[in-house]
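Notes follow once the structure below has been shown.
Each chain gets a letter, A, B and so on, in the order its sequence line appears, and its residues count up from 1.
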Amino acid sequence: MTYDFKTIEPKWQKIWDEKKAFSAEDKSDKPKFYALVEFPYPSGAGMHVGHIKAYSGLEVVSRKRRMQGYNVLFPIGFDAFGLPTENYAIKTGIHPRKVTDKNIAHFTEQLKQVGFSFDWDRVIDTTDESYYKWTQWIFRKMFDAGLAFRDTALVNYCPSCKVVLSNEDSQGGKCDVCHSDVIQKSKDVWYLRITKYADRLIDGLENVEASASIKQQQVNWIGRSTGAFVNFSISGTDEKLKIYTTRPDTLYGVTFMVMAPEHPLIEKYADRIKNIDDVNAYKAECAKKTEFERTQLVKTKTGVKLEGLCAINPVTKKEVPIYIADYVMMGYGTGAIMAVPAHDQRDFEFAKTFGIDIVQVIKGGDIEKEAFTESGEMINSGFLSGLTTKEESIAKMTAYLEENGIGEAGVQYKMKDWAFNRQRYWGEPIPIIHCKYCGMVGVPYEELPLRLPDVENFEPGTDGESPLAKIPEFVNCKCPKCGRAARRETDTMPQWAGSSWYFLRFIDPHNENALADREKLDYFMPVDWYNGGMEHVTRHVIYSRFWHKFLYDIGVVPCDEPYKKRTAQGLILGPDGEKMSKSRGNVVDPLDVISEHGADVLRTYVLFMGDYTMSAPWSDSSVRGCRRFIERVWGLLFMQKGKGSTEKLESSFHKTVKKVTNDIEQMKFNTAIASMMSLVNEIYETGSLTTDELGTFCRILSPFAPHISEEIWERIGGRGLCSLAQWPEYDESKTVDSTVTVAVQVSGKMKGTIQLPKGCDKDAALAAAKRDEKIASIIEGHDIIKEIFVPDRIVNIVIK
RNA sequence: GCGGGCGUGGCGGAAUUGGCAGACGCGCCGGACUUAGGAUCCGGUGGCUUACCCGUGCAGGUUCAACUCCUGUCGCCCGCACCA
């Protein structure tokens with residue numbers, strides 16, 4: 001009798017839905033467990049197998065914890081603002097609201113077909129005005145706190161999408177949405193001062209449970225470095241050229257200075273620079289380069305000397321030339337460096353190209369060939385000469401700089417402030433009003449949400465202007481402060497806004513008076529376990545930790561860190577071992593798998609295919625293996641029900657319950673499933689099992705394959721839903737065998753095994769080993785040098 | 001260049017953290033049942049010159065014992081990258 005998943009799976013999905021089986025309680029005496037998965041962007045293409053794997057991990061943990069008596073909050077929602085929907089709207093003329101609603105409905109239906117135990121009463125949609133009201137509210141709070149500000153700066157700009165991108169959205173010089181080359185453009189844009197939280201974002205990781213790579217990637221992204229700022233006088237002026245260096249100890253080796261081509265001092269002293277035409281030509285050349293060309297394709301150093309401007313080395317008092325070169329970035333440090341060619345490879349290459357002096361100040365290496373970047377004894381360095389540790393030299397020089405007012409210790413970060421706006425329609429309107437008289441004024445809190453107006457035309461303006469700028473009714477308003485005519489901000493927030501606090505809204509999704517009720521936040525926060533993609537570790541995770549720390553500072557949330565534990569699932573690759581992509585044609589549609597094999601098979605397979613945290617290729621034939629497993633489980637229902645089980649099978653049940661219980665918590669889903677497969681094989685060999693045993697099996701299988709578990713549970717007269725039944729306990733004493741197989745080695749080589757009673761002592765074990773015919777014949781005639789015994793494991797007889 | 005990780009049968013992957021390498025699944029081989037099998041069930045399956053011996057990318061080392069620890073080396077994947 002084959003398993004009819006096509007009727008059984010929808011049957012239970014309907015029952016779970018009607019009974020609201022997986023709703024979390026707002027208050028409960030049970031311990032709480034908040035499991036969070038990254039809510040999807042509801043794209044028109046629908047669900048991807050990647051979603052299934054990403055959600056199945058904590059789905060299994062949540063289902064198990066529920067059965068163990070936890071009040072589990074396992075929510076889902078939709079991160080629906082974003083460019084793809086808007087681009088689709090531009091192409092088809094269908095309003096993004098309609099597209100989004102349709103996609104969400106489609107996605108919801110698909111998610112339900114997998115049987116995920118989400119709390120469907122708490123679904124949120126970031127594009128719903130009752131949600132983005134609070135996104136805007138948080139922005140306003142940040143504006144009030146001085147954390148949201150406008151600045152004119154060089155920004156990453158995507159000419160194709162016509163939007164300003166954050167650093168995080170333009171990694172590798174490519175637009176994150178359309179992958180075209182990003183250019184640098186000077187523009188007046190919104191920023192969030194995330195750098196103010198840089199130290200806390202690093203230090204807070206100490207209290208987060210996460211793999212080394214998850215933590216390290218964030219630390220590297222923030223990129224904290226310590227060093228010093230040094231002011232170099234510019235000869236003949238009162239001007240100081242301020243630089244940042246991590247190696248103030250090498251100050252005596254400075255033989256030239258380099259400024260970024262965009263450095264403001266160039267314009268200020270244009271009339272003193274004799275070769276200003278060359279300089280401007282070089283600047284123009286740099287401006288044309290894309291970020292990619294400027295950073296990725298460089299082989300040789302280029303630059304121009306500023307004729308007529310010189311800096312003075314504050315310790316040697318010697319004049320050193322100043323260059324501009326595009327290997328120095330305006331966006332890091334002060335946009336200018338002191339160059340020490342003997343001890344920095346980039347400076348070395350530049351000095352070689354331009355024939356500049358190289359002065360060695362640390363002993364070691366061969367500075368004819370390359371810069372010596374290690375530490376050693378200081379030479380040619382005045383009061384530092386003779387010191388041998390970098391730390392000491394840096395400390396002494398920094399102290400000198402501070403005493404003489406030349407410089408000071410300083411910290412720099414690779415992470416920049418977060419460029420926080422899009423010149424697009426489909427995003428949260430930024431709740432700010434520009435008044436000629438009062439400056440920037442926040443939209444009053446009581447007027448939030450500031451609704452997105454209806455428009456006909458979603459095309460962005462050609463000059464990087466938001467479509468909202470074309471709607472006079474939206475733009476023209478009154479200043480909330482002085483009442484005079486004013487203009488509304490027309491930029492919208494970037495996609496990351498809504499996801500920066502969504503986990504808080506799940507706790508109280510319908511609250512109209514606060515982003516969430518404080519008592520409920522106190523109860524559910526922090527998120528106990530957050531699983532998502534590795535690709536979000538340096539963006540969404542950092543962004544949301546930043547927002548959360550801000551909300552903590554203003555007293556809105558009860559904890560500093562939002563996530564207690566963060567894990568990441570590995571990718572599912574295509575059957576060819578390559579990353580799945582439409583262009584490669586190796587994409588697997590999860591709905592195809594459901595219609596061919598059922599949701600339980602799909603769920604089991606994505607967790608069985610390998611280590612959850614590692615990527616693994618899809619294999620259709622391996623899916624069939626899971627299909628066979630599910631069918632064999634169904635077969636248990638028609639197997640003879642023994643009155644009493646065999647002792648061996650009983651022990652196997654206890655062992656399996658133990659293994660599954662432990663493996664789930666460690667995300668070792670593959671081995672948990674393997675052990676259940678083994679148990680099923682053993683039941684088939686035994687030929688019968690008790691109804692109780694079948695009930696136990698249903699319950700441990702339930703987190704993985706909940707539909708078939710419910711059906712069998714019902715047919716054997718289980719009470720209530722299997723999904724909410726009590727998780728089975730195991731008896732530790734029944735998981736250990738009375739006799740064990742002990743390996744026997746001779747001189748470290750495996751020669752055979754012997755059966756021994758558990759806990760057998762060394763003498764008895766050795767005696768038994770020597771009685772073994774084969775062992776006896778090997779050791780015969782040899783001296784025994786040593787005898788090693790590991791209880792219940794191994795006997796090793798070392799002979800000469 | 002920096003940071004993180006990975007190399008185990010024909011394939012995906014296990015291995016209680018130094019103690020029987022290859023669990024479980026796929027594939028393959030054989031058998032049963034069949035008009036039939038891409039269904040199901042049962043058995044086998046690392047290699048080999050088969051009582052032996054060799055096997056966890058490669059070369060060494062530590063140890064009674066190494067996939068596991070150490071040194072060196074090669075290859076692959078991911079993230080960041082002229083960050084001063």
Side-chain angles (χ1 to χ4, degrees), chain A residues 2 171-173 211-221 223-225 227 243-247 250 258 260 294-296 298 301 325-329 331-340 344-347 349-350 373 412-416 534-535 537-538 570-571 573 577 579 604-605 608-611 613-626 628-629 631-632 635 659 662 668 670-681 684-685 741-753 774 777 785-799:
Chain A
T2 51
Q171 296 185 2
S211 68
S213 66
I214 288 175
K215 290 189 183 187
Q216 202 56 47
Q217 261 189 45
Q218 294 187 64
V219 170
N220 290 350
W221 183 259
R224 177 164 61 190
S225 81
I243 61 95
Y244 174 73
T245 180
T246 53
R247 296 297 302 275
T250 61
V258 186
R294 192 164 157 179
T295 60
Q296 310 287 115
V298 218
K301 295 276 180 291
D326 67 356
Y327 83 92
V328 172
M329 305 289 153
Y332 184 75
T334 62
I337 62 157
M338 62 178 217
V340 186
D344 182 286
Q345 188 56 26
R346 295 153 300 176
D347 299 346
E349 286 163 19
F350 193 85
T373 53
Q412 283 293 298
Y413 305 95
K414 287 187 201 175
M415 182 174 69
K416 297 173 193 170
M534 212 56 212
E535 70 278 13
V537 165
T538 50
L571 245 44
L573 305 172
K579 202 168 166 178
T604 306
Y605 176 65
F608 180 65
M609 58 196 301
D611 185 322
T613 62
M614 304 237 248
S615 45
W618 184 270
S619 157
D620 281 324
S621 51
S622 287
V623 175
R624 258 177 258 129
C626 289
R628 265 174 222 143
F629 169 62
E631 299 275 2
R632 276 162 75 80
K659 179 137 186 74
N662 295 333
K668 292 171 77 173
N670 53 338
T671 51
I673 293 166
S675 73
M676 289 188 284
M677 286 173 168
S678 290
L679 181 60
V680 169
N681 291 346
Y684 270 76
E685 276 162 32
T741 307
V742 171
V744 181
Q745 296 183 337
V746 176
S747 295
K749 298 222 182 225
M750 248 293 289
K751 295 294 175 188
T753 58
K774 192 176 157 192
S777 72
I785 303 171
K786 205 169 177 183
E787 291 170 329
I788 285 132
F789 171 68
V790 181
D792 301 334
R793 279 281 152 74
I794 207 155
V795 169
N796 188 3
I797 301 166
V798 186
I799 57 171

Exercise for the section: Using only side-chain N and O atoms of Lys668(A), determine if any of them is under 4.0 Å from OP1 or OP2 of A15(B). Expected result: yes
Fill in the blank from the handout: Testing C24(B), A14(B), C82(B) for proximity to the side chain of Met677(A), the answer is C24(B)
Protein-nucleotides 1-7 of chain B N/O pairs closer than 3.5 Å?
from	atom 1	to	atom 2	distance (Å)
G3(B)	O2'	Asn220(A)	ND2	3.2

Completion exercise
Here the distance between atom C1' of A14(B) and atom CG of Asp611(A), to the nearest Å, is 11 Å
Exercise for the section: Send over the distance from Ile788(A) CD1 to G18(B) P, rounded to a whole Å. Expected result: 17 Å
Problem - Atom pair distance, as rounded to whole Å: CD in Glu685(A) and C1' in G43(B) - result: 11 Å
Practice task
State whether the side chain of Tyr605(A) and the backbone N or O of Ser619(A) hold a donor-acceptor pair below 3.5 Å, judged by distance alone.
Solution key: yes
Practice task
Counting heavy atoms from C-beta on, name the nucleotide in G19(B), G13(B), C26(B) closest to the side chain of Ala616(A).
Solution key: G13(B)
Practice task
Answer yes or no: is there a side-chain heavy-atom contact under 4.5 Å between Val746(A) and Lys749(A)?
Solution key: no
Practice task
For residues Thr250(A) and Asp344(A), determine if any side-chain heavy atom of one lies less than 4.5 Å from a side-chain heavy atom of the other.
Solution key: no
Exercise for the section: With the side chain of Ile794(A) defined as its heavy atoms from C-beta on, choose the nearest nucleotide among G19(B), C53(B), C26(B). Expected result: G19(B)
Problem - Side chains of Met534(A) and Ile214(A) in contact at under 4.5 Å (non-hydrogen atoms) - result: yes
Exercise for the section: Answer yes or no: does a side-chain N or O of Tyr332(A) lie under 4.0 Å from OP1 or OP2 of A84(B)? Expected result: yes
Handout entry: Touch class at under 4.0 angstrom, heavy-atom based, for Lys751(A) against every strand present
Key = sugar-phosphate
Fill in the blank from the handout: note: Met338(A), atom CE; A84(B), atom C1'; distance rounded to Å ~ 9 Å
Practice task
Can you tell me the distance, in whole Å, between the CH2 atom of Trp618(A) and the P atom of G27(B)?
Solution key: 15 Å
Practice task
Please figure out whether Ser621(A) or Ser225(A) has its closest RNA chain B nucleotide nearer the 5' end.
Solution key: Ser621(A)
Exercise for the section: Respond yes when some side-chain nitrogen or oxygen of Lys749(A) is under 4.0 Å from OP1 or OP2 of G19(B), and no when none is. Expected result: no
Handout entry: Span that lies between the C1' atom of U56(B) and that of U50(B), in whole angstrom
Key = 22 Å
Exercise for the section: For G72(B), decide between syn and anti, treating a glycosidic angle within 90° of 0 as syn. Expected result: anti
Exercise for the section: Figure out the OH/P separation between Tyr684(A) and C41(B), and round it to whole Å. Expected result: 6 Å
Problem - Tyr327(A) six-ring centre to Lys301(A) NZ/CZ under 6.0 Å and within 45° of normal - result: yes
Practice task
Could you check if the base of U50(B) is syn or anti? Syn means the glycosidic torsion is within 90 degrees of 0.
Solution key: syn
Fill in the blank from the handout: If pairing means Watson-Crick or G-U wobble with both distances under 3.5 Å, then the partner of G9(B) is none
Practice task
Indicate, with a heavy-atom threshold strictly under 4.0 Å, whether Ser747(A) touches base, sugar-phosphate, or nothing.
Solution key: sugar-phosphate
Exercise for the section: Decide yes or no for Asn681(A) and Arg632(A): does some side-chain heavy atom of the first lie under 4.5 Å from some side-chain heavy atom of the second? Expected result: yes
Handout entry: Shortest side-chain distance from Ala743(A), nucleotide among C64(B), C20(B), G25(B)
Key = C20(B)
Problem - Gap in Å between the two C1' atoms, one belonging to G9(B) and one to G27(B), rounded - result: 12 Å
Problem - Leu573(A) CG to C77(B) C1', straight-line distance once rounded to whole Å - result: 10 Å
Handout entry: Integer angstrom distance from the P of C58(B) to that of U68(B)
Key = 11 Å
Exercise for the section: For Thr741(A), answer base if it contacts any base atom (sugar-phosphate contacts may also be present), sugar-phosphate if it contacts only those atoms, and nothing otherwise; contact means non-hydrogen atoms under 4.0 Å. Expected result: base
Completion exercise
Expected label for U62(B) (glycosidic angle, syn inside 90° of 0, else anti) would be anti
Handout entry: Contact check, side chains of Met676(A) and Val680(A), non-hydrogen atoms, under 4.5 Å
Key = no
Problem - Pair partner, U17(B) [Watson-Crick or wobble, under 3.5 Å] - result: none
Handout entry: Met677(A) side, atom CE; Arg628(A) side, atom CZ - distance, nearest 0.5 Å
Key = 10.5 Å
Handout entry: Distance below 4.0 Å between Arg632(A) side-chain N/O and C41(B) OP1 or OP2
Key = yes
Problem - Nucleotide of A65(B), G13(B), A84(B) approaching Gln745(A) most closely (side-chain heavy atoms) - result: A65(B)
Problem - Nearest-nucleotide pick for Tyr327(A), side chain only, options being A65(B), C82(B), G13(B) - result: C82(B)
Exercise for the section: Write down the partner of A32(B) under the Watson-Crick or G-U wobble criteria, each distance required to be under 3.5 Å. Expected result: U40(B)
Exercise for the section: Measure the CD1-CE distance between Ile337(A) and Met329(A) for me, rounded to the nearest 0.5 Å. Expected result: 10.5 Å
Practice task
Pick the C1' atom in A15(B) and in C67(B), then give their distance to the nearest Å.
Solution key: 9 Å
Handout entry: Toward the 5' end of RNA chain B, by each residue's nearest nucleotide, Ala674(A) or Thr671(A)
Key = Thr671(A)
Exercise for the section: Pick the P atom in A66(B) and in G10(B), then give their distance to the nearest Å. Expected result: 23 Å
Problem - Nucleotide of C64(B), C26(B), A84(B) approaching Asn796(A) most closely (side-chain heavy atoms) - result: C64(B)
Problem - Spacing of the P atoms in C29(B) and G7(B) (rounded, Å) - result: 30 Å
Practice task
Could you check how far CZ of Arg624(A) sits from P of C26(B), rounded to whole Å?
Solution key: 10 Å
Problem - Rounded distance in Å between the C1' positions of A81(B) and C26(B) - result: 41 Å
Problem - Selection from C20(B), A81(B), G25(B) that lies nearest to any side-chain heavy atom of Met750(A) - result: C20(B)
Exercise for the section: Using a cut-off of strictly less than 4.0 Å, decide whether Asn681(A) has a side-chain nitrogen or oxygen near OP1 or OP2 of G25(B). Expected result: yes
Exercise for the section: Give, for atom CE of Met338(A) and atom CZ of Arg247(A), the distance between the pair rounded to the nearest 0.5 Å. Expected result: 8.5 Å
Exercise for the section: Hunt down the Watson-Crick or G-U wobble partner of G27(B), both distances under 3.5 Å, from any strand shown, or write none. Expected result: U45(B)
Practice task
If G79(B) has a Watson-Crick or G-U wobble mate with both distances under 3.5 Å, name it; if not, just say none.
Solution key: C2(B)
Completion exercise
Interatomic distance, CG@Leu679(A) vs NZ@Lys659(A), rounded to 0.5 Å, equals 13.0 Å
Exercise for the section: Consider the side chain of Lys301(A), meaning its heavy atoms from C-beta on, and name the nucleotide among C82(B), C53(B), U16(B) that approaches it most closely. Expected result: C82(B)
Practice task
Using a heavy-atom cut-off of under 4.0 Å over every strand shown, decide if Asn670(A) touches base, sugar-phosphate, or nothing.
Solution key: sugar-phosphate
Exercise for the section: With C1' as the reference atom in both, quote the distance from G31(B) to U16(B) in angstrom, rounded to an integer. Expected result: 37 Å
Problem - Sidechain-backbone polar pair: Ser678(A) side chain, Ala674(A) backbone, donor-acceptor under 3.5 Å - result: yes
